[in-house]
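Notes follow the structure.
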Number of protein chains: 2
Amino acid sequence: MTFSKPVSTVDSTPVKKRKVTVVEVAEAAGVSVSAVSRAFNPEASISRPLREKVFKAAASLNYKPNRLARGIKSRSSLVGILMTDFNNPFYLPILNSFTTEIQRRNCHSLLINVNSDMDIQEAVELVMEYNVDGLIITSASLPEQLVEACKSQDTPVVIFGRDSHENSVTVVSCDNVLAGRMAADMLLDAGYDRPAFVAGPIGTSATVDRQRGFISRLMERGCNQWQVVEGGEFSYDAGYDATLRIFKGTERPDAMFYADDIMACGGMDALRYELNVKIPDDVGVIGVDDIRLAKSRSYDLSTIRQPNDQMILSSIDALFQHIADPNLPAQSITLPCEPVVRGSTKKGR
Amino acid sequence: MTFSKPVSTVDSTPVKKRKVTVVEVAEAAGVSVSAVSRAFNPEASISRPLREKVFKAAASLNYKPNRLARGIKSRSSLVGILMTDFNNPFYLPILNSFTTEIQRRNCHSLLINVNSDMDIQEAVELVMEYNVDGLIITSASLPEQLVEACKSQDTPVVIFGRDSHENSVTVVSCDNVLAGRMAADMLLDAGYDRPAFVAGPIGTSATVDRQRGFISRLMERGCNQWQVVEGGEFSYDAGYDATLRIFKGTERPDAMFYADDIMACGGMDALRYELNVKIPDDVGVIGVDDIRLAKSRSYDLSTIRQPNDQMILSSIDALFQHIADPNLPAQSITLPCEPVVRGSTKKGR
DNA sequence: CTGTTAGCGCATTCAC
DNA sequence: GTGAATGCGCTAACAG
C-alpha cells in the first residue's frame, strides 16, 4: 500500500510551496470538487450556505484558483493589448484606463509590444496561444494588414483609435475627419490664412482622415494657400524636424496643424527656439489628442481633444459584449471630438 | 458504440474554430504525442529528423501550442509587471524596454495596474494565480509593505527602481544617495547657495535617499541654508504646487532640486510663468531621471540620469537567473547615475 | 442544488 | 531516442 501524495517529512523544508487545489479544499470542507469549482464561479448556481462553507475552508487553506488550469477549458480571463507607440506619452493614460477597466471586470492584461521588426500577423497569433478572451489593438500606426490578421481569428477584437472602412471588425475611434475640420475652423476663425498640415505615419487612418477633414474645410471656406508635409512618426523629434523643413521653404505658413500633440510640442519648440517665431502672433499651432503636456504652462497648446475615457469605455464594453456573445456583429463606434482653445492660437478677432 | 469526439457535419459551419492539438499533429506526422510535445520543447532530447517531421505536420495544420495548458504543469512563460505611476511619463519607455526584453526571452508580460484603492498584497497574490514565472515590480511609490508581500511568495521577484535594506528580495536601482550628492555638487558648483529640495511620495526610498544624499553633501560643503518641502506624488502638478508654496514663504531659495523630472518640469513652469523668476539666473533647477521631456527645448532641464537600459537589463537578467535556479540568493544591484548639465542651471563660474 | 466522472492540451514519468 | 500511460487543476456534462 503506497501513498502517491508526498508525505510531509519531519524536516519541513519548503522544497516548493505546494499549491492548494480544489481537491484539498473539497476534503477540508467536506464537499465535492465541483462544489468548490462552482463556489469560485460567480455565474454558477450554488446555494449560499454551501458557497460560504467552501469559502471558509478555502480561506483557511489559503487556496487560490489556478487561472491557467481554468483557462484551458473555459475563459482565460486574459485580455491581450497590442501596442506599438511606446514613445508617445498619449498612450500611458490609455494603458492606465484599459488595464483598470479590464481588472474591474476581473480579467487581466497581457501586454504585447509589437516591435517594428516583428510581424503583426505573428503578434496576433502569439497572443492567441494564451487563449485570450479578447484582444485590444491600441495603436494608430499599425498598418491595415492588422485588420486581416484579426479577421482570421475567432476571438473578439476591438481596434482602438483608428477608423476602418472594413466593417468586419469592431473599431472605436473619434471622428478624425471632424477633428480636421475643427482645426481648420479654429485657425481660420483666429485669423490665420496660410496653414500647413504636418502628417503622421503614412497609411495611418487617423492622420489621413485629419488631413482630409482639414483640407476640405479650408477649401470650403475659401482658403487655398495651404500646404502639407510628411511628418514621420508621432514624436517630438518628428514634429520638430518637419517644422524646420517646412520653414526652409519659400512659402512660410502662418499656422501649423500637427497630426498629434506630441508632434505639435516638438513643432512649437522648433518655432520658438530655432526659428524665432512668436506663437501665437506670427504662427498659430494646433495639435490633436489633448495629452497632459498640452495644458502645461510651457506649451499651452490649442488642440482637438479626443474623448479618451469614453472611447476606452466603449471599447471595453464592446469587447466584453462580444466575449459574452461571439455572434454579435462587429460595430463601428465613432465618437465626437472637441476643440480646446489655449494660448497657441490667437483669440478669435 | 459511441464517439465522444464531435463528428464533422456535412454543413461545416465553423461553430467554434477547432483548436489543433498535439494529438492531431501526432496523427498527421505518424508519431506519438510525446514526440510532438518534445519537438516543441527546446530543451527536450529528440532527433533532428523527427523534430522536422513534426514541425512540417504542425505547420501544415497551423498548429500552435496552447500556452495555458503548458503552463499548468511547467513554466507559464508569463512574467508579471506590477505598476502604479501611470501618470509619470518616465514609465512608458520603461514599459517598452521591459516588454521587449521579456518577449525576447519568449515570454510575455502580464501588466497589473495596482490602483491606489487595491491592496498590494492582493495584487501580488492575484498575479500568482496565473502561475507567473517571475514578477517585476516597477514603481517607486509602492510602500515597504510590498516587500513583505513578495517574500511570502516562492516566485522570483525583482523590484525595480527602489532600494531596500531588506536583503531578502532582489532589488535593482540606481544609487539615489549618489544622485542627491551629484545634485548638490551641480548646484553649488554653479554658484547657487540657498537650495530647496522638493520631495516625492513619502516613504519612498528613492526620494528619501535622494534627499539624504543631497542634504549631507550640502552640509559637507558648508552650505547650511537649505530647505525641504513635501512634494506629494511624482507629477507635474505636484511640482508646480510645491514650488508656489515654497515661494510664498519668506526664505526664497535660489535653486530647486526636485525628486524627479516631471516634478521639475511642473516646478519650472511655476517659476517662469507664475512667479516670473528667470531660470537659470535667478533660480537653478535640477531633476532626476532624464525623461524625454527633459531634453526638449522648452525645459532643457539639468538632471541626474538614471541608467535605465542597464537597470532594466540587470533586472531581467537577475529575474531569469532566479527563474532558472530558484535557489540563487537575492541580490541587490545598485548602478551609478550620471549628471547631465543643461540650461536650467548656470554654467559653472 | 449537489456529487460523480470524464476530459481540456500538454509534459512527463516509465518502459522499450 | 522514442512511445504508452498517467496526471496537472479545473470545468462541464450528466445523474441524482
Any donor-acceptor pair, under 3.5 Å, between the side chain of B:Arg48 and the base of D:dG1, if you only look at N and O atoms? no
Within the modelled atom types, does a donor on one side and an acceptor on the other bring the side chain of B:Ser34 and the base of D:dG3 under 3.5 Å apart? yes
Minimum-distance nucleotide (side-chain atoms of B:Ser74 versus D:dG9, D:dA12, C:dA11): C:dA11
If every non-hydrogen atom of A:Arg51 is compared with every non-hydrogen atom of A:Arg38, which pair is closest and at what distance? NH2-O, 3.3 Å
How long is the line joining CD of B:Glu24 and C1' of C:dC10, in whole Å? 14 Å
Under 4.0 Å between a Lys/Arg side-chain N and an Asp/Glu carboxylate O for A:Lys64 and B:Glu129? no
Nearest-angstrom distance from the residue atom CG of B:Asn66 to P of C:dA11: 10 Å
Report the distance from atom CZ of A:Arg67 to atom P of D:dC10, rounded to the nearest whole Å. 12 Å
Counting just side-chain N and O atoms, does B:Ser32 come under 4.0 Å of either OP1 or OP2 of D:dA4? no
Check the distance between D:dG9's P and A:Glu27's CD and give it to me in whole angstrom. 13 Å
Side-chain contact test, heavy atoms from C-beta onward, threshold under 4.5 Å: evaluate it for B:Val79 versus B:Ser109 and give yes or no. no
Strictly below 4.0 Å: does A:Tyr63 bring a side-chain N or O up to OP1 or OP2 of D:dC10? yes
Given the structure, check if the side chain of B:Arg38 and the base of D:dG3 hold any donor-acceptor pair shorter than 3.5 Å. yes
Counting only side-chain N and O atoms of B:Arg70, is one of them less than 4.0 Å from OP1 or OP2 of C:dC10? no
By the 4.0 Å heavy-atom rule, please label B:Leu68 as base, sugar-phosphate, or nothing. nothing
Residue closer to the 5' end of DNA chain C, B:Ile72 versus A:Leu50 (nearest nucleotide): A:Leu50
Do B:Glu52 and B:Arg48 meet the salt-bridge criterion of a basic N to acidic O distance under 4.0 Å? yes
In whole angstrom, what separates B:Lys73's NZ from D:dC10's P? 14 Å
To the nearest Å, give me how far apart CD1 (A:Ile46) and C1' (D:dA12) are. 15 Å
Rounded to whole angstrom units, what separation is found between the NZ atom of A:Lys19 and the P atom of D:dC10? 10 Å
Please state whether the phosphate of C:dG9, meaning OP1 or OP2, lies under 4.0 angstrom from any side-chain nitrogen or oxygen of B:Thr21. no
Using whole Å, what does the distance between atom P of nucleotide C:dC8 and atom NZ of B:Lys64 come to? 22 Å
Should A:Glu101 and A:Arg105 count as an ion pair when the cut-off is N to O under 4.0 Å? yes
Please pick, from D:dC10, C:dT2, C:dC10, the nucleotide with the shortest atom-to-atom distance to any side-chain atom of A:Ser47. C:dT2
Donor-acceptor pair, side chain of A:Asn66 and main chain of A:Ala69, under 3.5 angstrom: yes
Ignoring backbone atoms, establish whether A:Ser37 has a side-chain N or O less than 4.0 Å from OP1 or OP2 of D:dT11. yes
So, OP1 or OP2 of D:dT11: does either fall under 4.0 Å of a side-chain N or O from A:Asn41? yes
